[in-house]
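Below is one structure; the comments refer to it alone.
Throughout, numbering of the chain's residues begins at 1 and tracks the sequence.
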Amino acid sequence: MGKRWVMALLFGVAVLTYAIAWRSAVSAEPSFAGKRLSSWLDELCEFDSLRQQTKGTNQIAAIRAIGTNAIPWLLRELHQSGGRGNLLRFRLNQFLEKQTLIQWRVRDAYYRDYRATVGFKALGEIAQPAILELLTMVEANPAFVPGALAGIGRPAVPALMQCVTNTRPYTNQLGVYAAIPGNTISALFNATSLGNFSKADTGIFLPAIQAWAIQTTNMPAQSKAQFFLEHYSGLPD
């Protein structure tokens with residue numbers, strides 16, 4: 001019985017700690033038309049694909065109306081995802097799944113990263129002041145930061161060039177490889193197909209992409225580079 005009480009007390013402290021942090025984050029979150037930025041982004045994320053998200057004109061207009069005030073919150077979302085915070089969210093959701101009274105659930109790190117990236121894409125060039133900070137974050141979050149940079153568009157070209165040539169190694173089930181170049185190439189393709197870049201804009205990246213396409217030590221980057229080159233002619237001018 002004593003051990004159960006200790007566990008219940010520790011869990012209560014964890015819930016209280018998260019509640020305080022959540023309340024602080026909400027108070028610092030910008031809003032428009034009486035709706036928080038996260039709510040506008042949630043609505044935009046409900047669209048099934050990146051191309052469909054461009055149809056969320058009301059949501060995009062609201063996010064752009066918030067403007068540069070959205071940047072600190074979006075950067076904080078990318079910074080805080082993962083690690084111990086994500087473990088706490090996982091434990092809280094486990095507890096919440098065991099009851100039916102409270103329907104609310106904590107968003108996981110993947111969703112928060114994705115939502116923040118969608119926010120930068122919605123802002124586009126308005127988010128230019130975030131480029132340097134995003135570039136410092138890319139090695140810690142190689143899965144999402146390249147997409148955020150590509151969503152900003154032309155002002156992020158120098159930062160994206162650094163990403164395409166970044167060879168920091170990562171290890172996962174695929175082995176050891178440089179994750180940032182391949183993810184950046186995919187982000188550039190998506191951004192160009194959606195109109196954030198034109199072919200002329202992406203032309204500067206072609207030599208680096210061609211080099212990744214013919215090397216044989218980083219297979220994820222090679223496949224993404226080959227896909228980019230194979231479909232380059234079909235991208236909008």
- Note on the structure: CG (Asn190) and CZ (Phe228) are apart, to the nearest 0.5 Å, by 10.0 Å

- Task: Scan for salt bridge (charged side-chain N to carboxylate O under 4.0 Å, His left out) pairs involving residues 181-192, sequence neighbours excluded, and state none if there are none.
- Result: none

- Of all heavy-atom pairs between Ala70 and Leu37, which one has the smallest distance, and what is that distance? CB-CD2, 3.7 Å

- Message: Looking at every non-hydrogen atom in both residues, tell me the closest pair between Gly119 and Ile63 and how far apart they are.
- Response: O-CG2, 4.2 Å

- Message: If you compare all heavy atoms of Gly67 against all heavy atoms of Leu123, which two are closest, and at what distance to 0.1 Å?
- Response: O-CD2, 3.7 Å

- Message: Is the shortest side-chain heavy-atom distance between Ile126 and Ile71 below 4.5 Å?
- Response: no

- Item | Qualifying side chain to side chain donor-acceptor pair (under 3.5 Å) pairs, either residue in residues 220-229, two or more places apart | Asn183-Lys224

- Could you walk me through whether Leu50 and Lys121 pass the side-chain contact (heavy atoms from CB on, under 4.5 Å) check? CA-CA 10 Å; Leu50 295 176; Lys121 291 175 181 177; 3.5 Å; yes

- Note on the structure: Residues passing the salt bridge (Lys or Arg N to Asp or Glu O under 4.0 Å) test with Arg154, sequence neighbours excluded, are Asp201

- Can you sort out the partners of Glu43 under side chain to side chain donor-acceptor pair (under 3.5 Å), two or more places apart, ordered by chain and number? Lys35, Gln59

- Item | side-chain contact (heavy atoms from CB on, under 4.5 Å) evaluation trace for Leu206 with Leu229 | CA-CA 8 Å; Leu206 285 179; Leu229 295 173; 4.0 Å; yes

- Message: According to ring pair (Phe, Tyr, Trp, His ring centres under 6.0 Å), does anything in residues 136-155 pair up with another residue at least two apart or in another chain? List the pairs.
- Response: Tyr110-Phe144

- Message: Please determine whether side-chain contact (heavy atoms from CB on, under 4.5 Å) holds for the pair Tyr232 and Thr192, giving the CA-CA distance in whole Å, both sets of side-chain angles, and the decisive distance to 0.1 Å.
- Response: CA-CA 9 Å; Tyr232 181 71; Thr192 306; over 6 Å; no

- Query: Same hydrophobic cluster for Met219 and Tyr170, using side-chain heavy-atom links shorter than 4.5 Å among ILVMFWY?
  - Reply: no

- Query: Considering residues at least two apart in sequence or located in another chain, which fulfil the side chain to side chain donor-acceptor pair (under 3.5 Å) criterion with Asn218?
  - Reply: none

- Message: For Ala187, give me all partners under side-chain contact (heavy atoms from CB on, under 4.5 Å), at least two apart in sequence or on another chain.
- Response: Pro146, Ala150

- Query: Can you tell if the side chain of Trp212 reaches within under 4.5 Å of the side chain of Thr184, non-hydrogen atoms only?
  - Reply: no

- Nearest-0.5 Å distance that lies between atom CG in Leu235 and atom CG in Leu194: 10.0 Å

- Query: Which heavy atom in Asn166 sits nearest to a heavy atom in Ala178, and how many Å separate them?
  - Reply: O-CB, 4.1 Å

- Query: Heavy-atom count around Lys199 NZ within 6.0 Å, excluding the residue itself: above 12?
  - Reply: yes

- Item | Nearest-0.5 Å distance that lies between atom CD1 in Ile66 and atom OG in Ser31 | 6.5 Å

- Ala213 and Ala225: which non-hydrogen atoms are nearest, and at how many Å? N-CB, 3.6 Å

- Counting only N and O atoms by type, is there a donor-acceptor contact under 3.5 Å from the side chain of Glu77 to the main-chain atoms of Arg115? no

- Item | Trp40 side chain vs Phe32 backbone, donor-acceptor pair below 3.5 Å | yes

- Query: Would a distance-only check, ignoring hydrogens and angles, find a side-chain to backbone donor-acceptor pair under 3.5 Å from Asn196 to Gly153?
  - Reply: no

- Item | Ile204, CD1: over 12 other non-hydrogen atoms inside 6.0 angstrom | no

- Using the test ring-ring contact (aromatic ring centres under 6.0 Å, His included), find all partners of Phe227 that sit at least two apart in sequence or belong to another chain. Phe189, His231

- Item | Results of side chain to side chain donor-acceptor pair (under 3.5 Å) for Gln215 - residues two or more places apart only | Thr217

- Report yes if some heavy atom in the side chain of Ile60 is under 4.5 Å from a heavy atom in the side chain of Arg64; otherwise report no. yes

- Note on the structure: Arg51 meets the salt bridge (Lys or Arg N to Asp or Glu O under 4.0 Å) criterion, sequence neighbours left out, with none

- Task: Provide the full list of side chain to side chain donor-acceptor pair (under 3.5 Å) pairs with a residue in residues 126-136, sequence neighbours left out, each pair given once.
- Result: His79-Glu133

- Task: Report yes if some heavy atom in the side chain of Leu74 is under 4.5 Å from a heavy atom in the side chain of Leu41; otherwise report no.
- Result: yes

- Is any side-chain heavy atom of Thr202 closer than 4.5 Å to a side-chain heavy atom of Ile209? no

- Task: Would you check if Leu75 and Leu134 make a side-chain contact, meaning some heavy-atom pair closer than 4.5 Å?
- Result: yes

- Query: Which heavy atom of Cys163 sits nearest a heavy atom of Leu149, and at what distance?
  - Reply: SG-CD1, 3.9 Å

- Val157 and Phe205: side-chain contact (heavy atoms from CB on, under 4.5 Å), yes or no, with the steps? CA-CA 9 Å; Val157 165; Phe205 299 102; 3.9 Å; yes

- Message: With a 4.5 Å cut-off on side-chain heavy atoms, are Thr54 and Phe47 touching?
- Response: no

- Message: Tell me which pairs pass ring pair (Phe, Tyr, Trp, His ring centres under 6.0 Å) where either residue lies in residues 114-135, with sequence neighbours left out.
- Response: none

